[in-house]
Each structure stands twice: as C-alpha cells, then as structure tokens.
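The structure under discussion appears below in the form of structure tokens.
For reference, positions follow the sequence shown, starting with 1.
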Amino acid sequence: MGSAMAQAPEPSAMIAGAAAEAERRLHQSFTNLAFEDFGPAPVKGPIYQASAGNRTLYYAPESGHILFATVYDTNGVNVTALAESTRVQKRLSAIDPDKALVLGPPDAPTVIEFTDPDCPYCRALDRFWASKQAEGKQVRRLIYFVSGIHPEAAAKAEHILCSPDPAASFRALYSGAAPSPLATCAKGHAKVAADAALVAQVGITGTPTLILDGKLVSGFQQGELEAFLAGRVKAAPKAEAAKPPAVPPAKPDTR
C-alpha cells in the first residue's frame, strides 16, 4: 500500500526563498532604496567583535573573514559607535583629573588633551586654543604627555613640569622655543612616567588625542572643536571702542 509523501524543497529553492524574505524585511526598514542585487554574503557562521586600540573589527572564523566596518541596526542605530563609546568610557575611568597639568581657568569647559611637545599638530592645536582665548573663548585643558613617539618628547615634557611656571614653559615650547639645558626634577620625571602608563592603559596611539564630553577625538579636528566651543563657550563681551574726537568741519583753503 503506497502513501503520498510531501516532497522536500530543493536546497536552492530554500536559499532563494530565504533571500527573498530577507530582502523583503530589509526593504521594510529602507523603503526608499531599490536593491539592484541581493543574495547570500560570503561571510558564514557566527561573527565576533574585537577591539584593537581605537578600532573595532569583526571576525567570522568559519569563513575566515575579517570585517573593518561600521554596523547599523535596522533602526539606523550605529551599534559599532555604541560599542566604541562604551569601551572608551570604560578606559576613561582610569584618568585622574587631579594628576593632570591644568591650563586655563577652573570655570571654563574642560578638555582632556593627550599631547607631545614635538608633535606639529599638537602645536597647531595650541595655537588654535590661543586664538580662541583671544576671542574670549577659554577652555580648561587637562594635559597628559605622550612620550613614546618622538625621542625628545619625554625630556621636553619633564622640562615643562619642572619649570617654575609650567604654563608659560608649555606655551614657549609649543611656540618653538628650544631651551638648553632642559630642566629636570624627580617630580617631573615621575609625572612623565605616570602619563606614559596612562597612555598605554587608555589606548592612546597618536597625538593630539582629545576627549570632549566623553567623546574621543583623534587628531586636530578643528570642525569638532569649533562645534564643542559653540555649544559651551560664549565669547566675552568686547569693550566698546572709544569714539574719536569730533573733527571740526574743514574750512576752505584761502591761502
């Protein structure tokens, strides 16, 4: 006695059906997009997230793929950025503001700054802060020195920290001064070493690196700094210019 048996769908048909369903669901989230091609990706199996320095990468061991990518969910949320922000916040908890070299008034918005006296972009950043100070837009800079990139950075950082006026010494060195000999002291040497340990712990790999409201900014990104200042700093009112003395009406030359 025979019996009718349902025939299993072909694997190719199952794959095509799954792809069609996936495309339909994706189109529900991005209705304005017309997909020209849609099909299985070469990445297979579970994907793992890893971080190295300030970068996030994804690894699929089954297919042997490494992805340097930004991942969004179907609501448009940048989940890579969220993961990086969480990681940054965890690392930033190691920063002790009381151990920084402080430049600027205590009531100004705070910027955490990892810097190197021999880094040209760090010097450009210092000129930027000086120009903003001239406009009445001051910030409070918490300075930590990065001494593992340029060979004389540690000695120059120690010189700044050992000077009678570290702020003035900082400005001079970052303006191109080359004092000789460089000042040394046990306290400054210990601070440079402590900063180097912090740099490794936080994962700073380049200079300048800034932290603005908990956000890590790599390099001298003037646009981001301008936006930060625009939202938090108001320019000090300028004094009204003195009016010139009244000039009597010109008389005809009768000579």
### Task
Would you check, one step at a time, whether the test side-chain contact (heavy atoms from CB on, under 4.5 Å) holds for Phe114 with Ile112?
CA-CA 7 Å; Phe114 289 88; Ile112 298 174; 3.9 Å; yes
Which residues end up grouped with [X] if you chain together Ile, Leu, Val, Met, Phe, Trp and Tyr wherever their side-chain heavy atoms are less than 4.5 Å apart?
X: Phe68; answer: Leu57, Tyr59, Ile66
X: Tyr72; answer: none
X: Ile160; answer: Leu101, Leu103, Ile143, Phe145, Leu161, Phe170, Leu173, Tyr174, Val192

### Query
Hey, is Lys99 close enough to Asp195 for a salt bridge, meaning N to O under 4.0 Å?
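Judged by the 4.0 Å cut-off on N to carboxylate O distance, Lys99 and Asp195 do not form a salt bridge.
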### Task
Indicate yes or no: does Glu158 engage Lys191 in a salt bridge with an N to O separation below 4.0 Å.
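Answer for the salt bridge query: no.
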#### Entry: Verify same cluster id: Leu198, Ile149 (apolar side-chain graph, 4.5 Å)
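In one cluster with Leu198: Ile149, yes.
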### Query
Does Val146 share a hydrophobic cluster with Leu182, counting links as ILVMFWY side-chain heavy atoms below 4.5 Å and allowing steps through other members?
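They do not share one cluster, since no chain of ILVMFWY contacts under 4.5 Å joins Val146 to Leu182.
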### Message
Going by the rule side-chain hydrogen bond (donor to acceptor under 3.5 Å, both in side chains), which residues pair with Thr80 if we only count those two or more places apart in sequence or in a different chain?
### Response
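Once residues adjacent in sequence are excluded, the partners of Thr80 under the side-chain hydrogen bond (donor to acceptor under 3.5 Å, both in side chains) criterion are Tyr58.
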At what distance, to the nearest 0.5 angstrom, does [atom1] of [X] lie from [atom2] of [Y]?
X: Leu142; Y: Leu210; atom1: CG; atom2: CG; answer: 11.0 Å
X: Lys156; Y: Ser169; atom1: NZ; atom2: OG; answer: 11.0 Å
X: Lys215; Y: Leu92; atom1: NZ; atom2: CG; answer: 13.5 Å
X: Arg127; Y: Ser131; atom1: CZ; atom2: OG; answer: 10.0 Å
X: Ser147; Y: Asp118; atom1: OG; atom2: CG; answer: 11.5 Å
X: Leu229; Y: Glu224; atom1: CG; atom2: CD; answer: 12.0 Å

At their closest point, which heavy atom of [X] faces which heavy atom of [Y], and how far apart are they?
X: Phe228; Y: Pro109; result: CZ-CB, 4.0 Å
X: Ala83; Y: Gln49; result: CB-NE2, 3.4 Å
X: Gly214; Y: Gln89; result: O-NE2, 2.8 Å
X: Ala108; Y: Gln138; result: CB-O, 3.5 Å
X: Gln28; Y: Thr31; result: O-CG2, 3.6 Å
X: Ser63; Y: Pro42; result: CB-O, 3.6 Å

Do [X] and [Y] have side-chain heavy atoms sitting under 4.5 Å apart?
X: Val43; Y: Glu62; value: no
X: Thr115; Y: Tyr144; value: no
X: Arg140; Y: Val102; value: yes

### Query
Around His65, counting heavy atoms of other residues, nucleotides and ligands shown, do more than 12 lie under 6.0 Å from its NE2?
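Yes, NE2 of His65 has more than 12 neighbouring heavy atoms, counting only those of other groups under 6.0 Å.
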### Query
Just wondering, are more than 12 heavy atoms of other shown residues or ligands nearer than 6.0 Å to CZ in Arg25?
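Atom CZ in Arg25 is not packed in, count stays at 12 or less.
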### Message
My understanding is that only residues two or more places apart in sequence, or in another chain, count here; which of them pass ring pair (Phe, Tyr, Trp, His ring centres under 6.0 Å) with Phe128?
### Response
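Once residues adjacent in sequence are excluded, the partners of Phe128 under the ring pair (Phe, Tyr, Trp, His ring centres under 6.0 Å) criterion are Phe220.
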### Task
Name all residues meeting the side chain to side chain contact (heavy atoms under 4.5 Å, CB included) criterion together with Cys119; count only those two or more places apart in sequence or in a different chain, and write none if there are none.
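Cys119 satisfies side chain to side chain contact (heavy atoms under 4.5 Å, CB included) with Asp116, Tyr121, Cys122, His150, Thr207, Pro208 only.
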### Message
Treating Arg141 as the side-chain partner and Thr110 as the backbone partner, does any N or O pair qualify as donor plus acceptor under 3.5 Å?
### Response
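Checking the backbone N and O of Thr110 against the side chain of Arg141, no donor-acceptor pair under 3.5 Å is found.
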### Message
Walk me through whether Glu113 and Thr209 qualify under side-chain contact (heavy atoms from CB on, under 4.5 Å).
### Response
CA-CA 6 Å; Glu113 186 175 330; Thr209 296; over 6 Å; no
### Task
Under the salt bridge (charged side-chain N to carboxylate O under 4.0 Å, His left out) rule, what do Arg232 and Asp213 come out as? Steps first, then yes or no, please.
CA-CA 11 Å; Arg232 294 157 186 81; Asp213 285 344; 2.4 Å; yes
#### Entry: Step-by-step salt bridge (charged side-chain N to carboxylate O under 4.0 Å, His left out) determination, Asp126 to Arg171
CA-CA 8 Å; Asp126 190 61; Arg171 289 192 298 269; over 6 Å; no
